[in-house]
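What follows is a single structure, written as structure tokens, with notes after it.
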Amino acid sequence: MGRRSTHGADDTTHGGDLPFLIEGFAISLDAENLSARTKETYLEATARLTDFLAATGRPLDANAIRRTDIEAFIAELLTHWSAATAANRYRSLLRFFRYLAEEELIELNPMAHMRPPRVPEDRAPIPTADELKALLAVCVGRDSTARRDAAILRVFMGTGVRLAEIAGLRLEDVDLANRQISVFGKGRIRRTVGTGNRAAQALHRYLVVRRKHERAAEQALWLGTKGRMTESGIAQVVIRRAKEAGLPHLHPHSFRHFVANAYQASETLDGEIMSLMGWRSPAMLRRYASGNAAARALAATRDSNPGDRL
């Protein structure tokens, strides 16, 4: 016997068993050549929804799922997680149910007229120059760990690339002569980003000591004691060094805010900023700009205050 849904439908008769349909969704994500992180985000949301529906006695037949079921799930998320996390799950489920509708696997999309949870504007603090100098100061040294950590931090500060993009760097992606690196961004799109002279210098110093590593033949740029460093390993480097510098609030994404703000303060053209930061939508540019506008305005009045001209 199939599971009886709360809407009076037998889940096995519709061919809409949720776990089975999620398998198809995963295949479609692979066919789109999405990054592993993006796929993981989508599937995490569908897995959590499945668990919630099962735990609350709601239907596991996609055709029997209603808007109220999704709303109950989002409400449950908001009691345990941040609004940003709930909104992220909402967007992932929106993509999933759109896939089901496009493939004609459901008759009605339960999320067709839903609105995402409102996320309060989060103005992430931008690291100051003094804070970043203090962070670099704890990496001073000639040993391999110090050279590696300094290079990681310098690349973050000089490029503003994402954690996953830095973690994915290979030796062939580093062009010291032209002071640039090549990274794979979201959507599996490769872009070239300038590093600046300081980051290039730190990279060269690291590459010198890297040659002596027992796993030096590996193509991954960043090596730990056991070989290639993962995203988690690189994040731990940032967190550990930040604590040593007395800056526990800093994390890998802090550098992205620092670089984006610097570009905007220098009046770099919007299109150029989007290219450098790997943004495909102006929405991200507006989000960063609005969050940091007040800080840039204050800095501008310190440098050129209208009243000082009188």
Minimal non-hydrogen separation, [X] against [Y], with atom names:
X      : Y      : value
Ala220 : Arg228 : CB-CG, 3.5 Å
Phe258 : Pro127 : CD1-O, 3.4 Å
Ala202 : Ala151 : O-CB, 3.6 Å
Ala86  : Pro117 : C-CG, 4.0 Å
Met111 : Phe97  : SD-CD1, 3.5 Å
Ala62  : Ile106 : CB-CG2, 3.6 Å

Counting distance only, does the side-chain N/O of [X] pair as donor-acceptor with the main-chain N or O of [Y] below 3.5 Å?
X      : Y      : answer
Tyr90  : Met114 : yes
Arg148 : Trp222 : no
Arg170 : Leu221 : no
Ser182 : Asp173 : no
His213 : Thr225 : no

With rounding to the nearest 0.5 Å, note down the distance linking [atom1] in [X] to [atom2] in [Y].
X      : Y      : atom1 : atom2 : answer
Lys39  : Ser92  : NZ    : OG    : 14.0 Å
Leu21  : Glu103 : CG    : CD    : 10.5 Å
Leu176 : Ile181 : CG    : CD1   : 10.5 Å
Tyr99  : Ile22  : OH    : CD1   : 10.5 Å
Arg89  : Glu76  : CZ    : CD    : 13.0 Å
Asp69  : Leu60  : CG    : CG    : 10.0 Å

### Query
Going by atom types only, do Arg58 and Thr56 share a side-chain donor-acceptor pair under 3.5 Å?
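Yes.
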### Query
Strictly by modelled atom types, are Asn109 and Arg98 linked by a side-chain donor-acceptor pair under 3.5 Å?
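Checked: Asn109/Arg98 side chains show no N/O donor-acceptor pair below 3.5 Å.
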### Message
Let's go through Thr41 and Asn88 carefully: what are the C-alpha distance in whole Å and the side-chain angles of both, what is the deciding distance for side-chain contact (heavy atoms from CB on, under 4.5 Å) to 0.1 Å, and is it a yes or a no?
### Response
CA-CA 8 Å; Thr41 298; Asn88 180 277; 3.3 Å; yes
### Task
Walk me through it: do Arg154 and Gln201 pass the test side-chain contact (heavy atoms from CB on, under 4.5 Å)?
CA-CA 9 Å; Arg154 281 288 187 185; Gln201 181 183 50; over 6 Å; no
Identify each donor-acceptor pair in which a side-chain atom of residues 128-144 lies under 3.5 Å from a protein atom, sequence neighbours left out, and give them as a table.
from: Thr128; atom 1: OG1; to: Glu131; atom 2: N; distance (Å): 3.1
from: Glu131; atom 1: OE1; to: Thr128; atom 2: N; distance (Å): 3.0
from: Glu131; atom 1: OE2; to: His249; atom 2: NE2; distance (Å): 3.3
from: Asp143; atom 1: OD2; to: Thr145; atom 2: N; distance (Å): 3.2
from: Asp143; atom 1: OD2; to: Ala146; atom 2: N; distance (Å): 3.0

### Query
Do Leu77 and Ile74 have side-chain heavy atoms sitting under 4.5 Å apart?
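Yes - at least one pair of side-chain heavy atoms lies under 4.5 Å apart.
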### Query
Does any non-hydrogen side-chain atom of Ile65 lie less than 4.5 Å from one of Leu18?
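With C-beta onward as the side chain, the pair touches.
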#### Entry: Derivation of the side-chain contact (heavy atoms from CB on, under 4.5 Å) call for Thr159 and Val183
CA-CA 11 Å; Thr159 65; Val183 299; over 6 Å; no
### Query
How are the rings of His257 and His253 set to each other: parallel, tilted or perpendicular (split at 30° and 60°)?
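Perpendicular, since the angle between the ring planes exceeds 60°.
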### Query
Can you say whether the rings of Phe156 and Phe255 are parallel (under 30°), tilted (30 to 60°) or perpendicular (over 60°)?
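Phe156 vs Phe255 ring planes: parallel.
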Does [X] share a hydrophobic cluster with [Y], counting links as ILVMFWY side-chain heavy atoms below 4.5 Å and allowing steps through other members?
X      : Y      : value
Val237 : Ile239 : no
Phe20  : Leu93  : yes
Val155 : Val209 : yes
Leu78  : Trp81  : yes
Val193 : Phe184 : no

### Query
If you draw a 6.0 Å radius around CD in Glu104, do more than 12 non-hydrogen atoms from other residues or ligands fall strictly inside?
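Not more than 12 within 6.0 Å, no.
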### Task
Go through the structure and list residues passing salt bridge (charged side-chain N to carboxylate O under 4.0 Å, His left out) with Arg37, not counting sequence neighbours.
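For Arg37, the residues satisfying salt bridge (charged side-chain N to carboxylate O under 4.0 Å, His left out) (neighbours in sequence not counted) are Glu231.
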### Query
Listed by chain and number, what are the salt bridge (charged side-chain N to carboxylate O under 4.0 Å, His left out) partners of Arg95, not counting sequence neighbours?
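Salt bridge (charged side-chain N to carboxylate O under 4.0 Å, His left out) list for Arg95, sorted by chain: Glu32.
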### Query
What do the steps show when you test Ile234 against Ile152 for side-chain contact (heavy atoms from CB on, under 4.5 Å), and what is the final call?
CA-CA 8 Å; Ile234 292 174; Ile152 288 174; 3.9 Å; yes
### Message
Show me the pairs that pass salt bridge (Lys or Arg N to Asp or Glu O under 4.0 Å) and involve residues 236-245, at least two apart or across chains.
### Response
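Found Asp149-Arg240, Asp149-Arg241, Arg241-Glu244.
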### Message
Going by the rule side-chain contact (heavy atoms from CB on, under 4.5 Å), which residues pair with Arg210 if we only count those two or more places apart in sequence or in a different chain?
### Response
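Per chain and number, Arg210 pairs via side-chain contact (heavy atoms from CB on, under 4.5 Å) with Leu171, Tyr206, Leu207, Ala216, Leu223.
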Extract all donor-acceptor atom pairs below 3.5 Å that involve side chains of residues 46-55 and protein atoms in other chains or at least two apart in sequence.
from: Thr46; atom 1: OG1; to: Leu43; atom 2: O; distance (Å): 2.9
from: Arg48; atom 1: NE; to: Glu44; atom 2: OE2; distance (Å): 2.7
from: Arg48; atom 1: NH2; to: Glu44; atom 2: OE2; distance (Å): 3.2
from: Thr50; atom 1: OG1; to: Thr46; atom 2: O; distance (Å): 2.9

